[in-house]
Each structure stands twice: as C-alpha cells, then as structure tokens.
2 protein chains.
Amino acid sequence: MDNISRESERKGQILNSAIKIFGEKGFQNATIAEIAKDAGVGDATIYEYFKNKEDLMLAIPVEFTKELIPQINDHMMGIKGAFNKLRKFIWWWLNYVEKNPGYGSIVLLELKTSKTYVSTEAYQAARSFYQIVLDIIKEGQEEGAVKKEINPYLARSLCVGAMEHIIIRWLLKDRKYPLIQYADELADLLIDSLKTRV
Amino acid sequence: MDNISRESERKGQILNSAIKIFGEKGFQNATIAEIAKDAGVGDATIYEYFKNKEDLMLAIPVEFTKELIPQINDHMMGIKGAFNKLRKFIWWWLNYVEKNPGYGSIVLLELKTSKTYVSTEAYQAARSFYQIVLDIIKEGQEEGAVKKEINPYLARSLCVGAMEHIIIRWLLKDRKYPLIQYADELADLLIDSLKTRV
DNA sequence: CCATTCTTCCGAATTACATTCGGAATTCAT
DNA sequence: ATGAATTCCGAATGTAATTCGGAAGAATGG
C-alpha cells in the first residue's frame, strides 16, 4: 500500500496518513488534526494539497485504484478461461481487502456517502476496476462458457454485489477469521449461476 | 412513510423530518438546525428525544423497519413456492425503495458508516428483514426447488448483495427511470442461480 | 554572495455546527 | 388554584473544519 510514486512527497505522506486514519476511524470520526499529526505536517498544510476533508478522502481511491488495476491484470496473466479468471479475481480482491482493510472500508463504506461521489474521479476509478468483471463475463459468453441469454451488466451486478456484500459484512463485524475463506465457495456459486447448461 | 403511530407526537415529527432531511442531504450534510426547523421544534428539543445526531439517524431504521416486516409478510400471503416468494420480495423491496428513496439511502448508504452500527437495534432490524430471504431459501431447499448443496447463508448474500448493489447504483445515479424495471430480470437470474437442475 | 521573488508551510484566527445549560412555558396531580 | 413535574427551547459552550497572513526556505538573477 506504501511506496507509490506520487507528484509530491508531502502529498504522499498526507495520503498515507489519511488512508490509515480514515480506515481506522471512518470519515466522520477522523479529524484533520489527527491526520496532520500522523503525517507530521501542520493542519493548514493539508489544505494546500486538498480542497477539504471530503476531497482528501476522495483522493485515496483515485491514487490507489490506479495501482490496483495493473496489479490484478498482472495476476490474471496466463490464466485461461473466463471462470478461472473470475475465480482468481474473487480470490485476489478478497485477499487484497483482507490485507488492506482500511482501504476497503473507505472504498466500500465511506465513499458512497459523499454527496458528489458519482461525479468524481474516484467513481471512475471504481468503475474501471469493476469493468474487469464485465470483460470476464463477456469473454465467457464469447467462448460459450457463460449463458448467452444473460445480460452481462446484470451478471456483473450479481458478482460485484455478492462480493461487496460479503466484504462489507466482514468489515463491519468479524475481521477475525480470514475473509478469503469465502472465496472458493462464492466463486463456485457464481460460476454455477453463470454457466451454460448442457 | 408517514402516519405511523409512535410513543410521542413530538418524536414522530422529528423522525419524519429526520428521514426527509437525512435522505435528501445525507448524514454529513444534514444539520440538526435544519431538521429542527422542518419539524417545527427548537434545536435543543431534538436532544430530549435522541442522544445525539447519530442516534437520531439510527432511530429511523428501527422505527420504520418494524413497520416493514408486517407489510412484506402481508404481501407474501397466499403466495406459494419459494421462487414466487423470492420474486415478490424483490419486486416489493425495489418498489418500496423507489417510493421511499430517503429511507433507502439512509439504510443502504449512510447507516453502515456509523461506528457502532453492528451493535445497534438498527442492525438487528435490518437483520430480521433479510432473515425473510434466508427463510425463503431454506423453504425452497425443503420443497426441493432450491439446490440442496447450496449454503443458504451464502445464497442469501448473493440475493441481498445483488439487490443492494442495484438499488445503490440507482440511488447514486439515475433515480429517473423506474427501479422496478430491474426486478423481473434480477429475479429470473437469481432464481436460475438457485434452481435445482433436472 | 546578497537581494528579490516564488513556493511551501503552518500557528493563530474564524466559522460552522453539535451539544449542553438554565430557565421559561405547559401539563398534571391534589 | 398551586406546587411539582415535564416539555420545550434560546443562548452559551465546545469541538473541529477551514481560512488568513505571514514566516521559512528554495530558486533566480545580478
């Protein structure tokens, strides 16, 4: 989650502290003072780099999701067949959130309450991340593995909705036992849902 | 959404204004002053009935979800077969949110960011609402319509996750065209996912 | 090497709200 | 009708976001 090259060192420090504090306490209960202190800068300095508290939170997914897409694509390399890719995607995403729960709770819980969310870059970033699932489904339809009659956008909602629901439950409650323990069973169920019947 | 009998008239006024303002502006951007003004009471009066702003928001699902469960059960009467019930549930829930988007955005977007959410009555209320889906799935397994080998809890996550995902998309973006237009296709997809194969 | 501008940074005000206080208005019980 | 309780709220308080004004440091030019 760290050492990502960014325009400015300062901006990077602040973002790293922001992800940490927002992730721990949530948007509401995190204070600018605390983030500033953690980043080792003055409160006012944050406002040199971000318009306001909300803008600071929205900057997190933009920066980090940019990194995610190459990473998942890298993991996808050499995997053949839509269902194998989907299984990998589920595994990878659950694993990533488990390792970075702060990022997960920002993206899955906090972000959507921002009044302007849909018109932000953050929304576009999330969109292109989930686009991967859509591509997998379409690929599956081409290769004949996924039922042709399914609306691929609805199928994406099914996959993403189920994943998010499981992740959100985990974020809200337990966080104790591994999140990836759900990965296989969830993948089985989703694959079975989409599969062409013989 | 109105005329629900409650302990006190005042408390009811405040809750109705709260659902309206929170629903419109979100928790963050709603102010106590605005809710008080809308309810026609002084700011301090709100604190006679609710511990604080967060407690006021959390009171909404408790009050309203109590009403929801009898309503949906009422609609379920006379419907035979798990899949017919599931279809009805999807239709009814999408329709309810479409008619009460303020309530929907509180329950689906705002609530989960509350630090204490899982330990509140509001969480229990949501839980018993979604319990209905679990019961339908279990019933389906008993009558042989739903695959026996599916973990019913995971199946619930699939159904609820997909519904919530579609509702959240609608709340965040469009809200223009009818939400229920998704109901049938979603129901088809979910039913097909759960169905025992011959 | 020094003066000048430009940039970065931040301590100290300012502002916007949530929350609390103290007492006024109203209702209730006798 | 009167004292006691309850309900209500305007004004004060406290906390945290945001802005201001200028200090400290880096870059430019002679």
Side-chain angles (χ1 to χ4, degrees), chain A residues 5-60 63 102 105-106 109-111 113-117 120 122, chain B residues 5-63 106 109-111 113-117 120 122:
Chain A
S5 70
R6 293 201 204 77
E7 318 86 278
S8 130
E9 194 44 54
R10 267 287 189 277
K11 194 170 180 180
Q13 284 169 256
I14 295 170
L15 272 174
N16 279 326
S17 297
I19 200 172
K20 176 176 157 193
I21 308 292
F22 281 140
E24 274 169 18
K25 313 209 156 181
F27 181 76
Q28 191 67 202
N29 298 101
T31 68
I32 291 290
E34 195 178 1
I35 293 168
K37 194 176 167 198
D38 186 275
V41 303
D43 297 15
T45 303
I46 290 180
Y47 291 88
E48 299 292 332
Y49 294 94
F50 303 95
K51 198 149 52 67
N52 52 39
K53 190 181 172 186
E54 191 173 46
D55 185 52
L56 171 57
M57 181 177 63
L58 289 167
I60 292 168
E63 292 294 323
S105 66
I106 292 165
L109 300 175
E110 304 290 342
L111 223 55
T113 69
S114 160
K115 205 171 54 273
T116 55
Y117 176 51
T120 62
Chain B
S5 69
R6 292 201 204 76
E7 318 86 279
S8 131
E9 193 45 54
R10 267 287 188 276
K11 193 169 181 182
Q13 284 170 257
I14 295 170
L15 272 174
N16 280 325
S17 296
I19 201 172
K20 176 175 156 194
I21 307 292
F22 281 139
E24 273 169 18
K25 312 208 157 182
F27 181 76
Q28 192 66 201
N29 298 102
T31 67
I32 291 289
E34 195 178 1
I35 293 168
K37 195 178 167 197
D38 187 274
V41 302
D43 296 15
T45 303
I46 290 181
Y47 291 88
E48 300 291 333
Y49 294 94
F50 304 94
K51 197 150 52 66
N52 52 39
K53 191 182 172 186
E54 192 173 45
D55 185 54
L56 172 57
M57 181 176 63
L58 289 167
I60 292 169
V62 176
E63 291 294 322
I106 292 165
L109 300 175
E110 304 291 340
L111 224 53
T113 69
S114 159
K115 203 170 54 279
T116 56
Y117 175 51
T120 62

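Residue numbering restarts at 1 for every chain, and letters A, B, ... go by the order of the sequence lines.
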Interatomic distance, [X] [atom1] vs [N] [atom2] [rounded to whole Å]:
X	N	atom1	atom2	answer
Glu34(B)	dC17(C)	CD	P	10 Å
Lys37(B)	dC9(D)	NZ	C1'	16 Å
Asn29(B)	dA16(C)	CG	P	15 Å
Glu48(B)	dT6(D)	CD	P	12 Å
Tyr49(B)	dT7(D)	OH	P	6 Å
Ile14(A)	dC9(C)	CD1	P	8 Å

Q) Quick one: does Leu111(A)'s side chain get under 4.5 Å of Thr120(A)'s, heavy atoms only? A)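 Not touching, per the 4.5 Å side-chain cut-off.
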
Q: Would you indicate whether the side-chain heavy atoms of Met57(B) and Phe50(B) approach each other to under 4.5 Å?
A: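 A side-chain contact under 4.5 Å is absent here.
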
(Q) Checking Lys115(A) now: which residues fulfil salt bridge (charged side-chain N to carboxylate O under 4.0 Å, His left out) with it, not counting sequence neighbours? (A)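 None.
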
Q) How long is the span from the CD1 atom in Ile14(A) to the CG atom in Leu56(A), to the nearest 0.5 Å? A)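 It is 7.5 Å, given to the nearest 0.5 Å.
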
Q) Which value, rounded to the nearest 0.5 Å, describes the distance between Gln13(A) atom CD and Ile35(A) atom CD1? A)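 Spacing of CD (Gln13(A)) from CD1 (Ile35(A)) equals 13.5 Å.
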
Q | Contact letters for nucleotides 13-19 of chain D, in which S counts primed atoms plus P, OP1 and OP2 and B counts the base, heavy atoms under 4.0 Å | A | ---SSBB

Q. Is the distance from OP1 or OP2 of dC8(D) to the nearest side-chain N or O of Arg10(B) less than 4.0 Å?
A.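 So the side-chain polar atoms of Arg10(B) do come within 4.0 Å of the phosphate oxygens OP1 or OP2 of dC8(D), strictly under.
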
Q: Using the side chain to side chain donor-acceptor pair (under 3.5 Å) rule, collect all pairs that involve residues 38-56 of chain B, keeping only residues at least two apart or in two chains.
A: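 Qualifying pairs, neighbours excluded: Ser17(B)-Asp38(B), Lys20(B)-Asp38(B), Glu54(B)-Ser114(B).
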
Q: Pick base, sugar-phosphate or nothing for Phe50(B), based on heavy-atom distances below 4.0 Å to the nucleic acid.
A: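 No contact at all - Phe50(B) keeps every heavy atom at 4.0 Å or more from the nucleic acid.
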
